[in-house]
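Note that the numbering runs from 1 along the sequence shown for the chain. Scope of the values below: all heavy atoms of this structure, side chains included, with no hydrogens, waters or symmetry mates.
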Amino acid sequence: MKKNDNSLFVAYERNLQQFKDSVVKAGILAKDGSQNHSEGITVFQIGMIHEFGVPEKNIPRRSFIRVPIENNIKEITKLIENNHRLVLEKGMQTKVALDLIGIKAQNVIKESFRNNNWKANSRATIKRKGSSRPLINTGQLIGSISYIVEKAEINIVEKEN
């Protein structure tokens, strides 16, 4: 390496800035959520119904995204901090570091389908589905859980005087 060659430093800075400028999203993403579900609505709509519940239709809340992420936030935060340190100190590639975070979040969400304390299906639903296990029928909803790494959008809000 030449004395004035700063290409390694530039690459290091670019890698670190990419980490800072990225966001990891996990859950039902647009490409999968827009697919039709067997109930005649989209997978995203089915997910929203169960994530928040619909009391007027006697559908209880079965949070498979927010509650599992909240319950595992310390572990996820530690992974983010550790991966940031690895990018900073060890030169880990940003893509690898962020993918590991996305995979962790995706797995936390998917695990909630197996380990939960959700209210069992109603008798009518059991009769229709043949199962008392909520949110598990065709596997389409859990199969729609994924993650994506994107460039963070910066929204600057100006205060009015």
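- Within the structure, every pair that satisfies the salt bridge (charged side-chain N to carboxylate O under 4.0 Å, His left out) test and touches residues 96-105, not counting sequence neighbours, is listed here: E75-K104, K95-D99.
- Within the 4.5 Å cutoff, side-chain heavy atoms of I49 are placed close to those of I41.
- Considering only residues two or more places apart in sequence or on other chains, E150 meets the side chain to side chain donor-acceptor pair (under 3.5 Å) condition with K25.
- Not counting sequence neighbours, the partners of E89 by the salt bridge (Lys or Arg N to Asp or Glu O under 4.0 Å) test are R85.
- For the pairing with I28, the side chain to side chain contact (heavy atoms under 4.5 Å, CB included) check across I109, L141, T42, I46 returns one residue only, L141.
- Applying the salt bridge (Lys or Arg N to Asp or Glu O under 4.0 Å) criterion to R114, with sequence neighbours excluded, gives E111.
- Within the 4.5 Å cutoff, the side chain of I142 has no heavy atoms near those of the F64 side chain.
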- From CA spacing to verdict: side chain to side chain contact (heavy atoms under 4.5 Å, CB included), R62, F52: CA-CA 7 Å; R62 295 179 175 115; F52 295 99; over 6 Å; no
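- Residues that satisfy the side chain to side chain donor-acceptor pair (under 3.5 Å) test with K110, not counting sequence neighbours, are absent from this structure.
- In this structure, I101 is not a member of the same hydrophobic cluster as V23, with clusters built from ILVMFWY side-chain heavy atoms closer than 4.5 Å.
- Evaluation of the side-chain contact (heavy atoms from CB on, under 4.5 Å) rule for L100 yields N83, M92, V96 as partners, not counting sequence neighbours.
- With sequence neighbours left out, the side chain to side chain donor-acceptor pair (under 3.5 Å) criterion links R61 to no other residue.
- Applying the side-chain contact (heavy atoms from CB on, under 4.5 Å) test to N71 and every residue at least two apart in sequence or in another chain returns V67.
- Qualifying side-chain contact (heavy atoms from CB on, under 4.5 Å) partners for K78, counting only residues two or more places apart in sequence or in other chains: none.
- When side chains are defined from C-beta on, E56 counts as touching V54, because their heavy atoms get closer than 4.5 Å.
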